[in-house]
Amino acid sequence: MGAIEELSFEEIAAGVPGGFFIYHADGNEEVIYANDQVLYLYHCDTMEEFRELTGNSFRGMVHPEELEKVEKCIWTQIKENKRNMDYVEYRIIRKDGTVGWVEDFGHLVKNKLYGDVFYVFVSDVTDKIECRRRTREKYLNKLKEQEILRTSLTSTIYAYREIYLIHLEENYYRMIYPDEQNAEECGDYHCAIERHIKDGRIAEGHDEVRYLLQPEALRMALMNENSVGYKYRRRNRDGECEWCETVVTVHERKDGAPMTVVMGIRSIEKIIQKEEKQNMILKDALLQAERANEAKTIFLANMSHDIRTPMNAVIGFSDLALKHTGDPERVQDCLEKIRASSQFLLGLIDDMLDLSRIEAGRLHIEERGTSLRQVLAETERILLPQIKKRELNYTLDVSGVKNFEIFCDPLRLNQILINVVGNAVKYTNPGGDIFVIVKETGSLSQEIGSYEFQVRDTGAGISPEFLEKIFQPFEREQNTTVSRVRGIGLGLAVTKNIVDLMNGTIEAESQVGKGSVFTIRLPFRILRREEGGEEEEDQDRAEEGKSQESGSGEKDALHENSQELAGKRILLVEDNELNREIARELLSEEGLIVDEAEDGDVAVEMVKNSGGKYALVLMDIQMPRMNGYEAAMAIRRLKEPALAKLPIIAVSANVFEEDVKRSLKAGMNAHLSKPFEVEEVLSAMKQILWETTERY
Ligand code: ADP
């Protein structure tokens, strides 16, 4: 080994532990020398590679984003410290594109010959910096966590009025929140509770708290639990009483027994108030449910009575008629009573079904172009026999209506009117007056008009107490068992529900002994606007409204029907023998020739081999072997066109909208419900024969 003087500069520089380089401290900062360690820092194998990567300048050795910082740092240090030594950390970009950190100790050497140069010692501090970064991140996260904990604890503390630390063994307490200076900062815990009770801060009637908060009781309660809570009424510092909760949590244990505990007292006044409100709602709901249940029980008792009464009449009068077959007058009287009782039963079943469908949300309003005149005439037609029988004066006034052509569900509107006008008829004594006044009260928009139907009677009237619940189901003013008028108390409930579905309103006013006024308001889309000239016609119509006149019109129409149908042959498809007999007899009376089939299968065969002799088929739906839908579809599929087009009317005890739709879907022309009125069947037959002859 030679002496150090024998070593060249390069040999010395190469042996420096760590990176070492020299660059010109002028604007270009050209690298004069860099040892292998520097090349290694930059992942370069040769000086050429290093030169290419850095442009052979100090600027090229520094990450562009760090350049400004580095230069500023070097010059500031040199200038301000008046020393020619600097220290700086910066990022570098290695040959493979990765980023590393270096620390740089620079030493400025002023040299007259070469100009000023920097001697720089660099070393890789990437791992150190990364480690530092991680530590700092951890520290920041911890700070953040502590901050969250602090704020959440603070907000929890705010929920408490007071917080105490209690030493159960030493019988000592200290108020830890709020930390304002007050008399209660610390002292004998026992005394504090006693004082609270004496001062009335623990409200009367909560003596158990006195015991529960004693150190012995708390020690017992917290033996196996970490926390206990007690609710009681307590006077706050302003002297007002409020519901509070005292929560006691174990802070330290000694030999398993709680030694120090933290006691927080918070107001739960709002929570208790809310609970009380909810309890009230629940109680109310329970009461209502009980009431509804009670009403239902009464209703069932009433209904049982109301069904049994007419059933009793049906059976009794049938027996009587059988016993007096030789006395035509007696038989006629019995039959009329049987008929009336049966009709009452049917109405009852209809109302029940409607109500249950409304409750199940299955009743739909089906709007179509309708004439208001026709609906009112239909109501009148149905009620006329009763009006006559009860010798009432009936007046229909439509002078306030301009537009009669509207969109509505005519069946449901008719149902509303029949219920309300029907009640007026039922509950008005003979000789009384009934007025039905229909008005257009304005327009809700260009297309929608508001209509008012007012039904006035001079009947018995309704008491104010009953008037309040008149639209509730199952309610009747008198118990039906003592009432002489038949009814079940469902009609107005159904009516109100339908009116609601039609977006309308119904109101009742009444004076006992004087009469009642029911006002129904409904919006209808106007189908066709009238330009005027209606008044005269309406007047005529109002006159026509008088019961006697309309009554005779009805009979003429019926007569006309039977005349047109007389002599026509129809096929009656019905599996029930009794029903078949009734239909056969009633229709034969009207001059029709009736052939019979006991199920769908037989019916299809009969039509197939009929040679076109049938004008129409009356088809039951529920039948053994082949039902009415299948039979209708089979007929529609027959090869001979005339037979396939044969008009078919469903006559069924399936009476819901879905049933009607299903019949029409199966290819039938109409759907009538059972039990049927002869007039209804005749008019439907006439209508369909007229329509089908027109078409084909
Ligand atoms: P129903 O008539 O079948 O009993 P409603 O629901 O139609 O059922 O009527 C409920 C009750 O309202 C009737 O039982 C009757 O006491 C009373 N009511 C309804 N309309 C009138 C009226 N126009 N005049 C007097 N009482 C009436």
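Everything quoted here is computed from the prediction, not taken from an experiment. In this chain, residues are counted from 1 in sequence order. In each ligand, atom 1 is the first atom listed, and ligand 1 is the first ligand listed.
Shown in contact with Leu490 at under 4.0 Å from a heavy atom are these atoms of ligand 1, numbered in order with element: 6 (O), 8 (O). Under a 4.0 Å criterion applied to the non-hydrogen atoms of Gly491, ligand 1 contributes the atoms 5 (P), 6 (O), 7 (O), 8 (O). If you number the atoms of ligand 1 from 1 as listed, the ones under 4.0 Å from a heavy atom of Lys426 come out as 1 (P), 2 (O), 3 (O). Within ligand 1, the atoms closer than 4.0 Å to a non-hydrogen atom of Gly461 are 25 (C), numbered from 1 in the order shown. Heavy-atom proximity to Phe466, at under 4.0 Å, picks out these atoms of ligand 1: 11 (C), 12 (O), 17 (C). Below 4.0 Å from some heavy atom of Phe518 lie the following atoms of ligand 1, by number and element: 20 (N), 23 (N).
Residue contacts with ligand 1 do not include Gly459, since none of its heavy atoms lies under 4.0 Å from the ligand.
The 12-atom threshold is not exceeded at CD of Glu577, counting heavy atoms of other residues, nucleotides or ligands nearer than 6.0 Å.
Judged by distance alone, the side chain of Arg330 and the main-chain N or O of His324 form no donor-acceptor pair under 3.5 Å. No donor-acceptor pair closer than 3.5 Å links the side chain of Glu598 to the backbone N or O of Val573.
No hydrogens or angles considered: nothing links the side chains of Gln415 and Asp350 as a donor-acceptor pair under 3.5 Å. Residues Arg291 and Gln288 bring no donor and acceptor atom of their side chains to less than 3.5 Å of each other.
If you check each of Val455, Asn419, Ile462, Thr495 against atom 26 (N) of ligand 1, the one with the closest non-hydrogen atom is Ile462.
At a 4.0 Å heavy-atom cut-off, ligand 1 touches Ile470 through the side chain alone. Contact annotation: for Val420 versus ligand 1, there are no heavy atoms closer than 4.0 Å. When heavy-atom distances to ligand 1 are checked against a 4.0 Å cut-off, Leu492 comes that close through both its backbone and its side chain.
Across Gln446, Glu405, Lys402, a single residue satisfies side chain to side chain contact (heavy atoms under 4.5 Å, CB included) together with Arg529, and that is Gln446.
Arg412 and Glu367 are not joined by a salt bridge, as no carboxylate oxygen comes within less than 4.0 angstrom of a charged side-chain nitrogen.
For the pair Arg525 and Phe407, the cation sits on the ring face: its NZ or CZ lies under 6.0 Å from the ring centre, inside 45° of the axis.
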